[in-house]
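Below is one structure, written out as structure tokens; the observations come after it.
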Amino acid sequence: MRLHLYPGSRGRMTGVIEISREKFEELVAEALDTIPPELTKVMDNVVLVVVDDPPEPDLLGLYTGIPLTERGEWYAGVLPDRIEIYRKPICSICETEEQVIEEVQITVIHEIAHHFGIDDDRLHELGW
């Protein structure tokens, strides 16, 4: 399980913008559209969903599953990996729709990176 926390948020709300679930799902779909096709082609057995509330505070996204880099010949008949993007926490740290768009994109990329086996330390090294 890999998660994306908002750095320094510690439960504080820095902004708050209300985005409908439908609009938020569109933003997530648009963020997915920015992933290069050569990467989306190799994504395997993974579902991405929008969820309103996270299972713990300060969580913006969560990857649960077996990263592609850890799968072997034994990998068959397994339930899909799951990427959850949390609407309310993302909206709570943003003051504008543009900020929501940016945070959704960062969170989607971050969680997809976990699907590819990239851990938080490496993501931070890469500036994510």
Side-chain angles (χ1 to χ4, degrees):
M1 179 174 7
R2 307 247 169 65
L3 33 108
H4 178 199
L5 298 172
Y6 182 69
S9 63
R10 296 192 183 113
R12 293 183 315 243
M13 295 194 315
T14 59
V16 174
I17 183 170
E18 184 59 35
I19 304 270
S20 72
R21 185 176 179 92
E22 288 174 344
K23 176 65 175 172
F24 194 87
E25 288 173 350
E26 289 174 16
L27 296 177
V28 170
E30 290 169 8
L32 276 171
D33 288 344
T34 68
I35 305 297
E38 57 271 14
L39 293 179
T40 57
K41 280 192 248 181
V42 295
M43 291 176 67
D44 183 47
N45 200 29
V46 61
V47 62
L48 189 145
V49 296
V50 170
V51 178
D52 282 341
D53 296 302
E56 58 187 77
D58 293 339
L59 208 55
L60 302 181
L62 179 67
Y63 168 77
T64 307
I66 302 167
L68 295 175
T69 55
E70 296 178 18
R71 296 178 185 180
E73 292 189 21
W74 57 268
Y75 186 85
V78 177
L79 289 175
D81 291 2
R82 184 174 173 95
I83 293 173
E84 295 180 350
I85 307 298
Y86 300 113
R87 183 179 68 89
K88 287 182 179 178
I90 289 175
C91 290
S92 77
I93 62 168
C94 297
E95 295 176 356
T96 66
E97 187 172 323
E98 290 76 25
Q99 289 174 344
V100 173
I101 291 167
E102 181 179 356
E103 193 57 54
V104 164
Q105 182 149 14
I106 290 168
T107 305
V108 167
I109 290 169
H110 189 103
E111 301 312 326
I112 288 174
H114 290 321
H115 176 68
F116 282 100
I118 302 171
D119 65 16
D120 284 326
D121 290 338
R122 182 65 179 136
L123 282 168
H124 292 294
E125 287 173 15
L126 297 169
W128 290 98

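When reading the values below, keep in mind they use all heavy atoms of this one structure, side chains included, and skip hydrogens, waters and symmetry mates.
Here Glu38 pairs with nothing under the salt bridge (charged side-chain N to carboxylate O under 4.0 Å, His left out) rule; sequence neighbours left out. Among residues two or more places apart in sequence or in another chain, the side chain to side chain donor-acceptor pair (under 3.5 Å) test is passed with Asn45 by Tyr75.
In this structure, His114 and Leu123 approach most closely via the heavy-atom pair CE1-CD1, 3.7 Å. Of all heavy-atom pairs between Ile17 and Cys91, the closest is O-CB, 2.9 Å. Of all non-hydrogen atoms in Tyr86 and Phe24, the two that sit nearest each other are O-CZ, 4.1 Å. Of all heavy-atom pairs spanning Pro89 and Ser92, the tightest one is O-OG, 2.8 Å. Contact record, Leu39 with Ile35: CB-CG2, 4.0 Å, taken as the closest heavy-atom pair. Looking at every heavy atom in both residues, Val104 comes nearest to Ala31 through CG1-CB, 4.1 Å.
Remark: the backbone N or O of Leu62 is not paired with any side-chain donor or acceptor of Glu84 at under 3.5 angstrom.
We find the NE2-CG distance between His110 and Asp120 to be 4.0 Å, quoted to the nearest 0.5 Å. Interatomic distance, CD1 of Ile19 versus CZ of Arg87, reported as 9.0 Å (0.5 Å rounding). To the nearest 0.5 Å, atoms OG1 (Thr107) and CD1 (Ile83) are separated by 11.0 Å. Note that OG1 of Thr64 is 12.0 Å distant from CG of Leu79, once rounded to the nearest 0.5 Å. Note that CG of Leu68 and CD1 of Ile118 are 10.0 Å apart. Values are rounded to the nearest 0.5 Å. For the atom pair CD1 (Ile85) and CG (Leu27), the distance works out to 11.5 Å, reported to the nearest 0.5 Å.
Within the 4.5 Å cutoff, the side chain of Leu32 has heavy atoms near those of the Ile112 side chain. Using a 4.5 Å heavy-atom cutoff, the side chains of Lys88 and Arg21 are not in contact. When side chains are defined from C-beta on, Ile93 counts as touching Leu60, because their heavy atoms get closer than 4.5 Å. Within the 4.5 Å cutoff, side-chain heavy atoms of Val42 are placed close to those of Phe116. When side chains are defined from C-beta on, Asp44 counts as touching Arg71, because their heavy atoms get closer than 4.5 Å. Side-chain contact check for His115 versus Leu48: every heavy-atom pair is 4.5 Å or farther apart.
Within a 6.0 Å sphere centred on CD of Glu102, other residues, nucleotides and ligands contribute 12 heavy atoms or fewer. The neighbour count for Glu125 CD, taken as heavy atoms of other residues, nucleotides or ligands under 6.0 Å away, is above 12.
Hydrophobic clustering (ILVMFWY, side-chain heavy atoms < 4.5 Å, transitive): Met43 and Ile66 are in distinct clusters.
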